[in-house]
There are 2 protein chains.
Amino acid sequence: MGKQATEMLKGILEGIVLAILSGRPAYGYEITAWLRDQGFSDIAEGTVYALLVRVERRGLVDVEKVPSEKGPPRKVYSLNSQGRAYLEEFWRTWSFLTERLEQLREGGE
Amino acid sequence: MGKQATEMLKGILEGIVLAILSGRPAYGYEITAWLRDQGFSDIAEGTVYALLVRVERRGLVDVEKVPSEKGPPRKVYSLNSQGRAYLEEFWRTWSFLTERLEQLREGGE
DNA sequence: ACCAGTACATAGCAACACCGAATACCGATG
DNA sequence: CATCGGTATTCGGTGTTGCTATGTACTGGT
């Protein structure tokens, strides 16, 4: 992805991670790997962890520490009801943006 | 729009403004008014001006000072070739994001 | 003993949108 | 003529975010 992506990801990456968690609980390392797999090639490791700390502090997710056979214990995050409400709000804003941009793209060129 | 919008706009607002300028030259006050009209209700006045200064400094736009009958002179911005290339890159990143998020939205709920 | 893979944390940095205030120019109203 | 509202731009300070770089810790294989 281009260099612009860094700024464009702000706020959106959070929505992406919450959307992932809305499907199933997951832990940081797993999420990072999934993102890279989906083409978010240069998402930094630390970025996801910092994001998870933030959403936890805001009470959008519940956390459970689960031992792993292959390394240190995992912190498994799951979306709670407050997080679900927040995610819906995210989708509303996202829809608004896609509509405006779609219009601009059609009219623009 | 919700409070999340502030963060989600980062990087995207720039694309929006450049997309506007790709259609026709415009000046700050005009762009701000247009944005409010389109539902970006709480875009701060200063935000657009600061953005325009940035894109000018990066050489994405050309500027012309035009006298106004109703106030101080306007700074009319128009997208140059470098800005056009940058805008295309923006659309590519945007497309990538919309695809990923569309998938997530379908799968998620 | 060493190294790679798994898993998490964090301090410092740059960029961006927001807030608030200031400046400047004009026409109309009192 | 003084003032107010609409037009138009600028700027310093703030908070949030993602990136970089580094450090820690646990496991299994060589």
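Sequence lines set the chain letters: A, B, ... in the order given, protein chains first and strands last, and positions in each chain run from 1.
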Strictly under 3.5 Å: I want the nitrogen or oxygen pairs between protein and nucleotides 22-30 of chain D, one per line.
residue : atom : partner : partner atom : Å
D/dT27  : O3'  : A/Glu69 : O            : 3.4

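Listed candidates were D/dG18, C/dC16, D/dT9. Nearest to the side chain of B/Arg74 is D/dT9.
Between B/Lys75 and the phosphate of D/dT10, there is a side-chain N or O to OP1/OP2 separation shorter than 4.0 Å. Contact annotation: B/Tyr29 side-chain N/O to D/dT7 OP1/OP2 distance is under 4.0 Å. For C/dA15, the OP1/OP2 oxygens have no side-chain nitrogen or oxygen of B/Arg58 closer than 4.0 Å. When the side-chain nitrogen and oxygen atoms of B/Tyr49 are compared with OP1 and OP2 of D/dT9, one or more of them lie within a distance under 4.0 Å. Distances shorter than 4.0 Å separate some side-chain N or O of A/Thr47 from OP1 or OP2 on D/dC19.
By the 4.0 Å N-to-carboxylate-O rule, A/Glu14 lies close enough to A/Arg58 to be salt-bridged with it.
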task = Would you sort out whether A/Trp91 and B/Leu101 count as a side chain to side chain contact (heavy atoms under 4.5 Å, CB included), showing the intermediate values?
result = CA-CA 9 Å; A/Trp91 284 129; B/Leu101 279 160; 3.8 Å; yes
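Using a 4.0 Å heavy-atom distance criterion, A/Gly11 is classed as a sugar-phosphate-only contact. At a threshold of 4.0 angstrom between heavy atoms, the contacts of B/Glu30 with the nucleic acid are absent. Counting any heavy atom pair closer than 4.0 Å across all strands shown, A/Leu52 reaches no nucleic acid atom.
If you take CG of A/Leu51 and C1' of D/dT16, they are 12 Å apart, rounded to a whole angstrom. Note: CG (A/Asp42) to C1' (D/dT17) measures 16 Å, nearest angstrom. If you take CD1 of A/Ile12 and C1' of D/dT16, they are 15 Å apart, rounded to a whole angstrom. Summarising the geometry, the separation between CD on A/Glu14 and P on D/dG15 is reported as 18 Å, rounded to the nearest angstrom. Atom-to-atom, CG of A/Leu13 to C1' of D/dC19 comes out at 11 Å; the value is rounded to the nearest Å. In this structure, B/Leu18 atom CG and C/dC16 atom P are separated by 11 Å, rounded to whole Å.
Residues A/Ser95 and B/Arg105 bring a donor and an acceptor atom of their side chains to less than 3.5 Å of each other.
For A/Val66, the side-chain contact (heavy atoms from CB on, under 4.5 Å) test picks out A/Glu64, A/Val76, with sequence neighbours left out.
Side-chain to base pairing of B/Lys10 with D/dT16: one donor and one acceptor N or O lie within less than 3.5 Å of each other.
In this structure, A/Phe96 has its ring center closer than 6.0 angstrom to the ring center of B/Phe40.
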